Every structure is written in C-alpha cells, then in structure tokens.
Amino acid sequence: GIVNTGITVQLVEEVLEQHSISKPYYHGGEYNGKAMVQFMTKSSDIMDALKTKIIEISESDRCSNDEVLEVTSKYKQLLSVFDGIFSKARIPSFQFTETIDNELKDFVTEGMRLWRALDLSVAPKPHAIEDHLCDQMGRLLGIGDLGEDFVEQSHQSGMKYNSRSRTIKDPIQVANCQCNWEEKDNHPLVKIKSAVVKRHSARTKRRVDENGMVEIVGISRHDEKVQKLHNDKEMFGKMHLKSHQLPLKFLF
C-alpha cells in the first residue's frame with residue numbers, strides 16, 4: 001500500500017471530485033446517496049483514473065505497479081458486478097421473472113467471490129445481499145417499490161394532492177379526490193400519453209448521422225446517454241460473468 005495514508009485519502013477525493021462526486025456540507029461532510037449512485041455509475045472510469053494517479057507516486061512510497069494494476073482491476077470488476085446486483089434489485093414489484101432471478105443469483109455469487117478475493121470482511125450489508133436478497137426478491141416478486149426513493153416520490157405526490165385539495169373542507173371528499181387523482185396518475189394509458197406529450201413537446205434539432213442521413217433528435221440527450229451507459233454496464237457485467245463462469249458445484 002501507500003506509506004502516507006493522508007496522501008491516499010486526498011488522492012482518492014481528488015479523483016472523485018474530477019468525476020463530480022463531492023462531500024456535501026449539509027450531509028455532515030459525508031458522501032450521500034446521490035454521490036454513491038454517481039460513483040457506481042462511473043466506477044470503471046474512476047478506478048482507471050485512480051490507477052493512473054497511484055502510479056504517478058514514487059514507487060518507493062507505494063506498492064509495485066503490478067499490485068496497483070491487480071488491485072484496481074479487481075475493484076473495477078467488483079463495482080461493475082455490484083452495480084448489476086443493485087440494478088436487478090430495483091426491479092419493481094410483480095415484474096420479477098425467472099430469467100431475472102437466475103441473472104441476479106449469478107451476479108450475487110460472482111460479486112461475493114470478488115468480495116472475498118479482496119479480503120473484505122462480510123459485514124451485515126454484504127451478508128444480507130448474499131443470504132437474503134434473492135429470497136426476498138422471489139418472495140415479494142420485486143422490491144424496487146420498497147426503496148427510499150420510491151417512498152420519497154410518494155411523499156411528493158401526496159404533497160401535490162394536498163395542495164390541489166386545500167380548498168375542500170370535507171375530509172371524506174378530500175380522500176375521494178386524492179384517490180381518484182392517484183388512480184389516474186398511475187393508469188398505464190395516462191403514463192403512455194404523458195410520455196408522448198413530453199416527447200413531442202421537447203425541443204429538437206436536425207442531425208446528420210454516420211450514414212449521412214438527416215434525423216430529428218432532442219436537444220437534450222440526457223436520457224439517451226443514461227440508457228446507453230446502463231446498457232454498456234450491463235453488457236460488461238454479463239461478459240465478466242461469462243468469462244468467469246464455473247460449474248455450479250464450484251459456485252455454491
């Protein structure tokens with residue numbers, strides 16, 4: 001490892017800052033959930049940048065280049081697989097299928113193999129992933145709707161309904177109105193229509209693709225970039241699982 005641990009912490013924080021990950025002052029100087037999502041999303045680039053930064057340190061003050069490459073590569077693989085685990089774990093209720101179940105079990109098995117290969121202690125959270133996540137997903141057919149962000153979204157919807165019904169005096173009428181609004185907002189056809197309206201109201205521009213054809217695209221391509229990044233990460237995770245596939249008797 002690196003002799004001066006203070007330099008190590010500073011180096012890691014500098015790399016995270018370069019990838020727009022910082023400690024917000026309002027969170028007690030600790031990384032919050034948003035920072036961790038950003039970290040998992042960019043984990044591959046972050047580990048590559050961290051590897052480069054460490055190698056720039058004088059070799060007399062750190063481990064060998066081979067060890068730096070080995071450890072950062074292991075963490076890169078670990079983070080990629082765990083990102084896949086978290087993605088599968090966010091499947092909404094009643095959308096859990098046998099295919100997702102098998103993929104999740106493969107991800108968990110490989111993730112814990114990589115975890116132990118790095119000599120990391122199996123604290124309560126990784127233990128919960130290894131021994132309980134798949135069972136809970138199967139029993140509840142998806143736990144994505146039980147996440148903190150889903151509850152927060154429901155809270156915001158409730159505040160919107162309260163604002164709309166603030167002039168109604170009868171509490172029973174308030175409850176009926178809010179139930180009707182919630183039912184309409186969650187109706188599949190309403191969601192489809194809302195997505196269509198959003199798509200047609202978005203600002204667009206003309207763009208020439210790689211084949212020389214003109215196409216109309218949205219000025220903001222944030223959703224497209226996020227989807228591409230998600231697809232790339234999922235493909236990387238599946239390729240890693242395939243390259244390390246072992247017979248079941250060795251996996252369990």
Side-chain angles (χ1 to χ4, degrees), residues 1-3 5 8-9 11-13 15-16 19 21 30-33 35-55 57 62-91 96 98-140 142-144 146-147 230 232-252:
I2 302 174
V3 175
T5 55
T8 307
V9 174
L11 185 149
V12 172
E13 291 182 348
V15 171
L16 294 178
H19 290 82
I21 302 174
E30 300 294 335
Y31 293 108
N32 58 12
M36 291 299 97
V37 170
Q38 188 83 333
F39 174 72
M40 296 301 292
T41 301
K42 299 182 176 181
S43 59
S44 180
D45 293 337
I46 290 173
M47 294 313 300
D48 287 339
L50 188 58
K51 172 184 64 181
T52 302
K53 284 286 188 181
I54 294 175
I55 290 178
I57 300 174
R62 61 171 173 81
C63 54
S64 66
N65 287 351
D66 289 341
E67 188 172 353
V68 172
L69 295 175
E70 179 185 0
V71 173
T72 53
S73 176
K74 286 183 178 180
Y75 271 104
K76 184 176 179 178
Q77 295 172 359
L78 175 70
L79 292 169
S80 174
V81 173
F82 264 80
D83 191 43
I85 293 174
F86 298 148
S87 177
K88 299 295 182 186
R90 291 179 62 82
I91 296 296
F96 192 62
E98 184 178 355
T99 300
I100 295 174
D101 183 32
N102 293 331
E103 290 179 349
L104 178 61
K105 288 176 179 177
D106 288 342
F107 270 100
V108 169
T109 301
E110 178 62 12
M112 294 310 299
R113 184 190 71 81
L114 293 169
W115 187 279
R116 291 188 170 90
L118 283 163
D119 291 327
L120 300 174
S121 62
V122 183
K125 288 184 178 180
H127 161 74
I129 290 174
E130 182 176 32
D131 287 357
H132 304 292
L133 175 61
C134 295
D135 290 340
Q136 289 186 4
M137 292 284 288
R139 186 171 72 254
L140 301 174
I143 59 175
L146 305 179
H230 172 77
D232 289 345
K233 289 193 301 179
E234 186 171 6
M235 181 180 67
F236 179 83
K238 289 182 177 179
M239 288 174 59
H240 175 81
L241 286 176
K242 187 176 181 180
S243 64
H244 290 81
Q245 195 67 49
L246 298 173
L248 289 180
K249 65 179 181 180
F250 294 110
L251 289 175
F252 298 94

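Keep in mind it's a predicted model, so treat the numbers as computed, not measured.
- Note that the OG1 atom of Thr41 and the CD1 atom of Ile21 stand 8.5 Å from one another [nearest 0.5 Å].
- By the salt bridge (charged side-chain N to carboxylate O under 4.0 Å, His left out) test, Lys74 pairs with Glu70, sequence neighbours left out.
- Nearest heavy-atom pair across Ala49 and Val15 is CB-CG1, 3.9 Å.
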Which atom pairs, one a donor and one an acceptor, fall under 3.5 Å between side chains of residues 114-122 and the rest of the protein, sequence neighbours left out?
residue, atom, partner, partner atom, Å
Trp115, NE1, Leu120, O, 3.3
Trp115, NE1, Ser121, O, 3.0
Arg116, NH1, Glu130, OE2, 2.9
Arg116, NH2, Glu130, OE1, 3.0
Arg116, NH2, Glu130, OE2, 3.4

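- Asp48 meets the salt bridge (charged side-chain N to carboxylate O under 4.0 Å, His left out) test with Lys51, Lys76; sequence neighbours excluded.
- Taking each heavy atom of Gln38 and His19 in turn, the nearest pair found is NE2-O, 3.6 Å.
- One finds the CG atom of Asp131 at 11.0 Å from the CD atom of Gln136 (value rounded to the nearest 0.5 Å).
- Rounded to the nearest 0.5 Å, atoms CZ (Arg90) and CD1 (Ile85) are 14.5 Å apart.
- Of all heavy-atom pairs between Phe82 and Ile129, the closest is CE2-CD1, 3.7 Å.
- With rounding to the nearest 0.5 Å, the separation of CD1 in Ile100 from SG in Cys134 is 12.0 Å.
- Of the possible polar contacts, none joining the Ser87 side chain to the Asp83 backbone as a donor-acceptor pair under 3.5 Å is found.
- In plain terms, the two heavy atoms of Thr72 and Val68 that are nearest each other are OG1-O, 2.7 Å.
- Closest heavy-atom contact between Ser80 and Ser43: N-OG, 4.4 Å.
- Here the CG-CZ distance, from Leu79 to Phe39, works out to 4.5 Å after rounding to the nearest 0.5 Å.
- Distance check: Leu16 CG to Ile46 CD1 gives 5.5 Å after rounding to the nearest 0.5 Å.
- When all heavy atoms of Tyr31 and Glu13 are compared, the pair lying nearest together is OH-CG, 3.6 Å.
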